[in-house]
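So you know, we letter chains A, B, ... as the sequences are listed, proteins then strands, and number each from 1.
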There are 2 protein chains.
Amino acid sequence: MADSQRNLTIADIARLAGVGVGTASRALNNAPGVSAATRQRVLAVADQHAYVISPDASGLAAGRTGRIGLVVPHIDRWFFGTMVGEIESVLRAAGLDVLLYDVGGLDDRREFFEQLPARKKVDAVVVVAFPVEEAERQRLTLLGVHIVAAGGQHAVYPHVCIDDYVAGRQAVDHLISLGHRSIGMIEAVDPEQPVRPSGRTAAYHRALADAGIAPDPDLVVTTNWGGINGAEAMARLLSLSHRPTAVYAHSDEVAAGAMRTIRRTGLRIPEDISIVGIDDHPMAELLDLTTVHQPVAEQGRAAAGLVLDLLRNDTPPADQAITLPTHLVVRRSTTSVPPTPDPS
Amino acid sequence: MADSQRNLTIADIARLAGVGVGTASRALNNAPGVSAATRQRVLAVADQHAYVISPDASGLAAGRTGRIGLVVPHIDRWFFGTMVGEIESVLRAAGLDVLLYDVGGLDDRREFFEQLPARKKVDAVVVVAFPVEEAERQRLTLLGVHIVAAGGQHAVYPHVCIDDYVAGRQAVDHLISLGHRSIGMIEAVDPEQPVRPSGRTAAYHRALADAGIAPDPDLVVTTNWGGINGAEAMARLLSLSHRPTAVYAHSDEVAAGAMRTIRRTGLRIPEDISIVGIDDHPMAELLDLTTVHQPVAEQGRAAAGLVLDLLRNDTPPADQAITLPTHLVVRRSTTSVPPTPDPS
DNA sequence: AACCGGAACGGAAGCGTTTCCATTTCCAAA
DNA sequence: TTTGGAAATGGAAACGCTTCCGTTCCGGTT
């Protein structure tokens, strides 16, 4: 362990390798203009002394940071965690570092963009699952930092997402195809996020209409995101005089909560009531919950790829948008409509 | 928007404020040696021009980075996600940035410490949930980066954790106090982590012994972490000729999997079989699962606090260790032992 | 043999801060 | 008033790298 001595600089490496600092820099950065032999020598010396370029100095001199900001609402939720993990993975493989910003609430987020901690700290920022206001975006652009969105809605900057409307249709159409005519919806909103028209909600209404089923306002309840809220929402649905034979939940977590209520009430799933969610959360498998699978990891990977592109060609690839497909996963929480027990 | 001009440097701010760069620097860094009036003036100018210090230049000159490395195995799991979110939150509040490294496997991890990407990139690293080899630790120390652990085992560096043995006892003792004598254990291991004696396992054996219950090797099954594996493990337990009346799972996820198997088998929880987990995963509430609550967020907060301490007093606070308490949360998955149905 | 273009290479000039050191300023004590 | 020292300042010297630019060194041309 001879490397306890003062930290080596690129100049030391250059000297040890018998080259100039310029050459050493080029060699270490895998830049052109160095003969293969020289490069080998420099790399060997560097390796031997466990030397690595100081990112700070490098960043200062080169004007790039080699860092990407990752802004995400609730890192403790499966969806975001998975997304982040995947993005980090491909970015790191590309030699970039990821600066994490867990910005939960609306205010936090505003403040984040306000202070622009990202300023001079990152080359680009990836925003997961929520829209960036136009003013914010322009500011970032002005500062020269690229911006990419993952798992959110359509936007004017490069982004990757799923089609919420299609996903919703896959869920609701499944229920309809099983013969259900009385379908409840548990609409989930995030109180911390700006309200926006949800494709998942539109899908419900449109699907019913297409099937010629008359809308019944009583059958749609709105609640906050999160399992426990789903449980409470389900209770409201069950208290209806004409309770639905099937329920469409905006997410698996909400569905899980609803399932608890159903089970506690003594009703059986799916015999007495069918339920379908969206996401294909790992928990769905354990719950035997029918759901619509959305490729979270793939979205993350695609978003990271977008960042890499942006950094490579400095030219913004014209508002690129990637929409990934979803698909229904049938498990044991849905079945055809039960024969009406009550003699009408 | 007049700030589209070339980026301002501290020299510009100094000039605009009518002071020297040294003074400007001190003012901006909230360092002593500047009169209140002068500081105000500098800050005002900086604010007015949306100026912020370049972290790269600052880091280069000052020798610190203002960044903390956060090394975590599986960011997509609730436990780690929560931990990370919490750590990030307090660190960011302290003006530090968090560099995220999602290092899943054993190899990835070794490679990570091997390449020491952290070198010169961070002032400290927080390692979540897995032990750092002594050699690795020494190397980091040599490089001058502090190290803190969260949610893992006891270690020689500052760390915060829970007492796995106690948590395990709380779970198993609960079962025993309900009258169970035939208690199965689903032991969960992470194939990607180094094996180590688990307090949760020791607790099981010791609790049975203390209660005078003869150990039965058939009743403990080992499986990989993750719900689906728990399901499979439970199947093994149920296939026993003398199946247990209660099951102790090392984690809620595993317990969730086990519950699915039990339910699919047609058995009722808790009438036919009781089950208890550990963690108090949000899912446990939706599953009505009795479990041992562990304060994840608090662990994260404490770990972040340790980092802050370390950075403040440059002197390592003598292998500080913080152990947080756990407690049993009784829900609907456990009940007293059913009267033996078979005439013996 | 003189010449030429290009690849390699060396080195100095920044990049935007912090910090040490030398000065100047300011005030209260003498 | 004079004066000693604390407080406030200004400025130059790093910090460790990238990059531009001028040289040197080749092999192939004419």
Side-chain angles (χ1 to χ4, degrees), chain A residues 3 5-43 45-46 49-67 95 97 119-121 123 143-144, chain B residues 3 5-43 45-46 49-67 95 97 119-123 143-144 314:
Chain A
D3 55 319
Q5 51 211 9
R6 190 129 317 298
N7 266 326
L8 296 160
T9 73
I10 202 174
D12 296 316
I13 297 301
R15 185 161 29 74
L16 289 169
V19 302
V21 292
T23 302
S25 172
R26 282 180 287 258
L28 291 168
N29 285 298
N30 205 32
V34 193
S35 70
T38 303
R39 171 160 324 197
Q40 282 311 317
R41 190 146 31 92
V42 174
L43 291 180
V45 172
H49 295 263
Y51 165 86
V52 291
I53 281 178
S54 156
D56 281 316
S58 174
L60 217 210
R64 344 178 204 75
T65 68
R67 272 170 250 132
D97 282 312
R119 185 167 191 168
K120 297 179 188 168
K121 287 189 177 178
D123 297 331
L143 258 33
Chain B
D3 54 320
Q5 51 211 11
R6 190 129 319 297
N7 266 326
L8 295 161
T9 74
I10 201 174
D12 297 315
I13 298 301
R15 184 161 30 72
L16 291 169
V19 301
V21 291
T23 301
S25 173
R26 281 180 288 258
L28 291 168
N29 286 298
N30 205 33
V34 194
S35 70
T38 304
R39 174 163 325 208
Q40 283 312 317
R41 190 147 32 94
V42 174
L43 290 180
V45 172
H49 295 263
Y51 166 86
V52 292
I53 282 177
S54 156
D56 281 316
S58 175
L60 214 211
R64 346 179 203 73
T65 67
R67 272 170 251 132
D97 282 312
R119 185 167 191 164
K120 297 179 188 170
K121 286 190 177 179
V122 300
D123 297 331
L143 259 34
D314 211 352

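- Checking B/V52, B/V42, B/T23 one by one against B/L28, the side chain to side chain contact (heavy atoms under 4.5 Å, CB included) holds for a single residue, B/V42.
- Among the heavy atoms of the strands lying under 4.0 Å from A/N29 are primed sugar atoms or P, OP1, OP2 only; no base atom is included.
- Counting to the nearest Å, the C1' atom of D/dG16 and the CG atom of B/D56 are 12 Å from each other.
- Between B/N30 atom CG and C/dT18 atom C1' there is a gap of 15 Å when expressed in whole angstrom units.
- To the nearest angstrom, P of C/dC15 lies 11 Å from CG of B/D12.
- In summary, A/D56 and B/R64 do not engage in a salt bridge, as defined by a charged side-chain N under 4.0 Å from a carboxylate O.
- Within 4.0 Å (heavy atoms only), B/S25 reaches at least one base atom of the nucleic acid.
- Residue A/S58 places none of its side-chain N or O atoms closer than 4.0 Å to OP1 or OP2 of D/dG16.
- Taking atom CD1 on B/I53 and atom P on C/dT19, their separation rounds to 10 Å, with Å as the unit.
- Side-chain contact check for B/V21 versus B/R15: every heavy-atom pair is 4.5 Å or farther apart.
- If you check every strand for non-hydrogen atoms under 4.0 Å, B/R64 touches sugar and phosphate atoms only.
- As judged by a 4.0 angstrom heavy-atom cut-off over every strand, A/V19 is placed among residues touching the sugar-phosphate backbone only.
- As judged by a 4.0 angstrom heavy-atom cut-off over every strand, A/L60 is placed among the base-contacting residues.
- The A/A62 side chain lies nearest to D/dT18 when the options are D/dT18, C/dA8, D/dA8.
- Whole-Å rounding puts the A/R39 CZ to C/dA7 C1' distance at 13 Å.
- Contact annotation: B/R26 side-chain N/O to C/dC20 OP1/OP2 distance is not under 4.0 Å.
- Summarising the geometry, the separation between CZ on A/R15 and C1' on C/dG10 is reported as 15 Å, rounded to the nearest angstrom.
- Proximity of a side-chain donor or acceptor of A/N29 to a complementary backbone N or O of A/R26 within less than 3.5 Å is not detected.
- A sub-4.0 Å separation between OP1 or OP2 of D/dA8 and a side-chain N or O of B/T23 is absent.
- Under 4.0 Å is where a charged nitrogen must lie from a carboxylate oxygen, and between A/K121 and B/D97 at least one such pair does.
- Atom CD1 in B/I13 sits roughly 17 Å away from atom C1' in C/dT18 (whole-Å rounding).
- In this model, the phosphate group of C/dC15 is not approached by any side-chain N or O of B/T9 to a distance below 4.0 Å at OP1 or OP2.
- One can place CG of B/L28 at 11 Å from C1' of C/dT17, the figure rounded to the nearest angstrom.
- Checking D/dT9, C/dT17, D/dC17 against every side-chain atom of B/V34, the shortest atom distance belongs to D/dT9.
- Note on A/T38: a side-chain N or O is less than 4.0 Å away from OP1 or OP2 of C/dC9.
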